[in-house]
Novice: 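After the structure tokens below, expect a handful of questions from me.
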Amino acid sequence: MATGASRSMKQTLYSQVAVPVPVKGPFSYEVPEALLPFATPGMRVRVPFGGRRLVGTIVAISPSLPDGVSDAQVRPLLDCLDPQPLLSATHLALSGWMAETTMSSWGEAIRTSLPAGLEMVGQRRVVLTPEGAAWVEMGREEVVQSYEPPPGELPLGPPRAAPSDRRRMLERLVEHGGKGLKLSEIAKYLEGTSVCALAYSLMAEGLVRVEDEWSDGIGGRWQQALRPADGVSREAALAATSRAPAQRRLVYVLWDHDSGLARTAAIRAADCTQQAVRALIEKGLVATFRVAAEDTSAPAWTGDADGAGTFDLTSAQLAALEQIESALIGGASRPLVLHGVTGSGKTEVYLRAALGVVERGRSAILMVPEIGLTPLLEHRARAVLGDRVVVMHSGMAKGQRIESWWRARRGRVPVVIGPRSAVFAPLPDVHLIVLDEEQDGAYKQDESPRYHGRQVALRRAELEGAVAVLGSATPAVETFHGARSGSYGYIELPERVASRPLPEVRVVDMREAFQSSGRTLLSAELEGAIAERLERGEQSLLLLNRRGFAASLLCRVCGERVPCPDCAVSLTVHRQRRSLVCHYCDHRQPVPIACPHCGAEQLHEMGHGTQQLQQSLEALFPAARCQRFDADETRRRGAHGRILSAFSRGELDILVGTQMLAKGHDFPGVTLVGIVGADDALGLPDFRAAERTFQLLTQMAGRAGRGDLAGTVVLQAYKPDHYAIRAAMAQDYDSFYAEEIEFRRRLAYPPYAALIACVCRGKSLPALKEEADWLAAAVREAGGQEVRVFGPASPVLARLRGFHRMQVLIKGDSGERVRNVLNESLERCVAAGRMPRDLRIDVDPLNLM
DNA sequence: AGCACGCCGACT
DNA sequence: GTCGGCGTGCTC
């Protein structure tokens, strides 16, 4: 049949299809005649791919095949999955851009931009319309496509005599009566045909109805509904049920909701059983129809949310809102940086801006770094926007996530809240995209495609003419650089609302603390400060960014630390479990008595973790209620929220935690924040170490004194003179930025350079080294003077989960240039048969470990 | 990523 | 004699 089509006079069309595999695409497929009306960019299609069938997306249609693809290679599309393209032109452009800039395949980019489970198409139900039934009864058959052979060629033979697929589908439906058939059931009878496209063709002719997420149902979930039968009055119905009280109750309910009510809802409202419903249907008083089961997750908004939406804005907030508004209305689509200290009321500004957007009939996306922060924002957003908000993230149940997606896609709700994936929300007319805490590393996905939510948000805003707002108390260095250079607009909220003072910050020099008293964990100053809070009944928050009891187990005879067998790191001592734990692969083993390296029995615990800090505090302050808050303590479901709310309610005096503490959540009763190892991260071999330290310290400092009480912050550091510490102490972003940007410029790091990190993995170290050598050589050859290549070198994690790793770092002055060089290098590797087997490419890496 | 094809060890 | 281990190559 494919040959018949290709030999006909008709022009064959080809589609370029992006498939969700990590191989360079897209792939070309012939468009069979039956799918011609459907084959347009953005359409989801089922395609044969090697030995399997995949759902891909048409990204282009062309009358000829691209270079290098021959007719013999191409196979036809199998089916089209939707009545219209699922992906908008913007969505296609955005995912294509993302694939290009992250060096992943377009199909993978599309896959990550859609919620999982969207391809469950078999649940859609096809129902015959009266027109369709009549069509079958009259035995009408469509005109067989008349075939005209090209001049000089013989006809291929008579047209197929078999009844056409459309007739078979319709007849099948007639046999099955009113409630129709699921596409998956139809597919069993019409094997090898494009059942989905066929159903939609019949729908276009008015012969069937398809109950799907396009027409109304959410994720294919429909339910039966009841309404008064035509021409039956309430009085007549009551008269006919005079001796059946349950049925009468149902009559009252249904005639009160005469536009229809879901069967389950009607039964609940009338407090009756299925029997009563069945009886009314049998008596012909009640008719049934099907409605979409939807909006089950939309909670009716009740109550307030800390006054969100009701505050009078401060003059700074008003000015900020005004600037955002004028960008929105003026159509100037330059991104805006909203720089506001912790507690300056940024959220209120975003929400008012979103409200304006919604009132003008357009949509907005509000992004937070982590799923865990969505409830807080949702709560406040609902106070301002009511039920015009939907949350979308991967932690939700599958059905709910799909439902939210379709609600957004169908324009039923104009505001989406979520983590980085929310940037792909299928809202029709996005006019505002807000990233809260834009500096947060969680916006970057750490698996392929390694995209940064901020970059995608900026690109989407550009494509849609929307305004991107990047909000932060400590903007990323790249972001602030953009503001300084004028690429972004800049808005500042310099003061805390309600004129709460910024906390007082003191730095303790741990070198002196050790010299004077031998203390390495808690300085006398910090201990004294905690004691004061306990006396006054106030709360303390202590940060130590390392979980476990001790960082490592050191042998005092041979000097080795007990290592992880699978990773190139030392194991952490966990006293609770009486074990050594790897924080990278979760390997566990009992604490040894003797050194596994030399056998000596002089193992010593080095470095402090949260468990040890908690133990020390309990020894010092036996009466204090002290709780730990780290990945170990919050592993159990709900523990996270339980601990935080107990602390908020004042049931705890001291909370000891890792950087998990720094995110979100206000603690009004906290008047002391202690940061035990404020400069721990400065030792990491990473160009962002100072930036991360400054951000963490500033965020933690912001946790002090948010209520009516003034706050104090105590930083313990061995390098108190480092600019990140000094700037955090002075709470002076500008001075930090001035130092940091100079460092980046001098050493040619972002934003003055673009980086790509290539990590090769392998079981055998010599083979891996050879692969990495070839890659680095290819990059050097392809790059010439344009880029600098570092490595191959062992990254900090030279071995991880049993795999050796080698890193090649490429640096150049523009992202595009570095990507081009790497692409060319990879082609050279392939040509030489030296393509690394297990290669991960990280464009703009956030860390180089 | 899958999946198929292909070439070498421990088993019904 | 086979079942199956995962190395290698390919997917329009």
Side-chain angles (χ1 to χ4, degrees), chain A residues 1-3 5-6 11-33 35-36 38-41 43-81 92 95-96 98-99 102-114 116-119 194 445-451 758-771 774-775 801-804 826-842:
Chain A
M1 44 196 155
T3 48
S6 64
Q11 171 86 62
T12 310
L13 276 189
Y14 298 98
S15 54
Q16 265 59 253
V17 177
V19 281
V21 288
V23 278
K24 214 158 166 355
F27 291 80
S28 303
Y29 291 87
E30 189 189 316
V31 180
E33 207 171 315
L35 299 181
L36 278 174
F38 295 93
T40 93
M43 179 64 72
R44 291 189 300 168
V45 289
R46 203 175 294 285
V47 293
F49 192 77
R52 51 206 168 126
R53 290 169 168 207
L54 297 176
V55 174
T57 307
I58 297 180
V59 295
I61 294 288
S62 59
S64 59
L65 285 170
D67 288 346
V69 183
S70 73
D71 240 316
Q73 288 174 277
V74 303
R75 298 200 261 171
L77 300 174
L78 299 171
D79 202 355
C80 290
L81 267 48
L92 274 181
S95 54
M98 180 165 108
T102 61
M103 300 187 70
S104 51
S105 80
W106 200 342
E108 281 183 294
I110 290 173
R111 181 177 25 85
T112 42
S113 71
L114 295 172
L118 217 54
E119 60 289 321
S194 314
Q445 174 148 304
D446 65 0
E447 60 191 47
S448 179
R450 298 187 156 69
Y451 71 95
C758 305
V759 176
C760 306
R761 286 198 325 168
K763 292 268 188 206
S764 138
L765 188 57
L768 171 66
K769 278 186 167 158
E770 205 179 311
E771 280 186 343
W774 271 89
L775 175 65
R801 296 169 193 273
F803 288 94
H804 293 283
L826 295 178
E827 275 167 33
R828 285 168 187 247
C829 285
V830 171
R834 294 288 190 161
M835 183 67 179
R837 287 229 122 242
D838 189 348
L839 171 67
R840 66 166 54 176
I841 297 172
D842 191 351

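Order of the sequence lines sets the chain letters (A, B, ...), proteins ahead of strands, with each chain counted from 1. Worth saying up front: this structure is predicted, and the values here are computed from it rather than measured.
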Novice: Look at atom CZ of A:R46 and say whether more than 12 heavy atoms of other residues, nucleotides or ligands are closer to it than 6.0 Å.
Specialist: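 It does not: A:R46 CZ has 12 such atoms or fewer within range.
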
Novice: Rounded off to whole Å, could you give me the NZ-to-C1' distance for the A:K24 and C:dT11 pair?
Specialist: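 A:K24 atom NZ is separated from C:dT11 atom C1' by 15 Å.
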
Novice: What is the distance, rounded to the nearest whole Å, between atom CD of A:Q73 and atom C1' of C:dT11?
Specialist: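 Between C1' of C:dT11 and CD of A:Q73: 10 Å.
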
Novice: Could you give the OH-to-C1' distance, from A:Y29 to C:dT11, as a whole number of Å?
Specialist: 7 Å

Novice: Select one nucleotide: of C:dT8, B:dA1, C:dC12, the one nearest the side-chain heavy atoms of A:R837.
Specialist: C:dT8

Novice: Rounded to the nearest Å, what distance is computed from the CZ atom of residue A:R834 to the P atom of nucleotide C:dG9?
Specialist: 12 Å

Novice: Salt bridge or not for A:R761 and A:D838, using N-O below 4.0 Å?
Specialist: yes

Novice: Give the rounded distance in Å between these two atoms: CZ of A:R46 and P of C:dT11.
Specialist: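 For the pair A:R46 CZ and C:dT11 P, the rounded distance is 22 Å.
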
Novice: Regarding A:P66, tell me which of base, sugar-phosphate or nothing describes its non-hydrogen contacts under 4.0 Å with the strands shown.
Specialist: nothing

Novice: Atom CG of A:D838 to atom C1' of B:dA1: distance rounded to whole Å?
Specialist: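 Those two atoms, CG and C1', are 12 Å apart.
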
Novice: Determine, step by step, whether A:R840 and A:R450 satisfy the side-chain contact (heavy atoms from CB on, under 4.5 Å) criterion, reporting the C-alpha distance in whole Å, the side-chain angles of both residues, the deciding distance to 0.1 Å, and the verdict.
Specialist: CA-CA 10 Å; A:R840 66 166 54 176; A:R450 298 187 156 69; 3.3 Å; yes

Novice: Within this structure, what is the CG-to-P distance between A:L13 and C:dC12, rounded to whole angstrom?
Specialist: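 Rounding to the nearest Å, CG of A:L13 and P of C:dC12 are 20 Å apart.
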
Novice: Rounding to a whole Å, what distance do you find between A:L54:CG and C:dT11:C1'?
Specialist: 9 Å

Novice: Of the candidate nucleotides B:dA1, C:dC12, C:dT8, which contains the atom at the shortest distance from the side chain of A:V23?
Specialist: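 Of the candidates, B:dA1 comes closest.
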
Novice: Please assess A:E770 against A:R834 for the test salt bridge (Lys or Arg N to Asp or Glu O under 4.0 Å), listing each intermediate value before the final yes or no.
Specialist: CA-CA 9 Å; A:E770 205 179 311; A:R834 294 288 190 161; 2.8 Å; yes

Novice: Answer yes or no: does a side-chain N or O of A:R52 lie under 4.0 Å from OP1 or OP2 of B:dC3?
Specialist: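 For A:R52, the contact criterion (side-chain N or O under 4.0 Å from OP1 or OP2 of B:dC3) is not met.
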
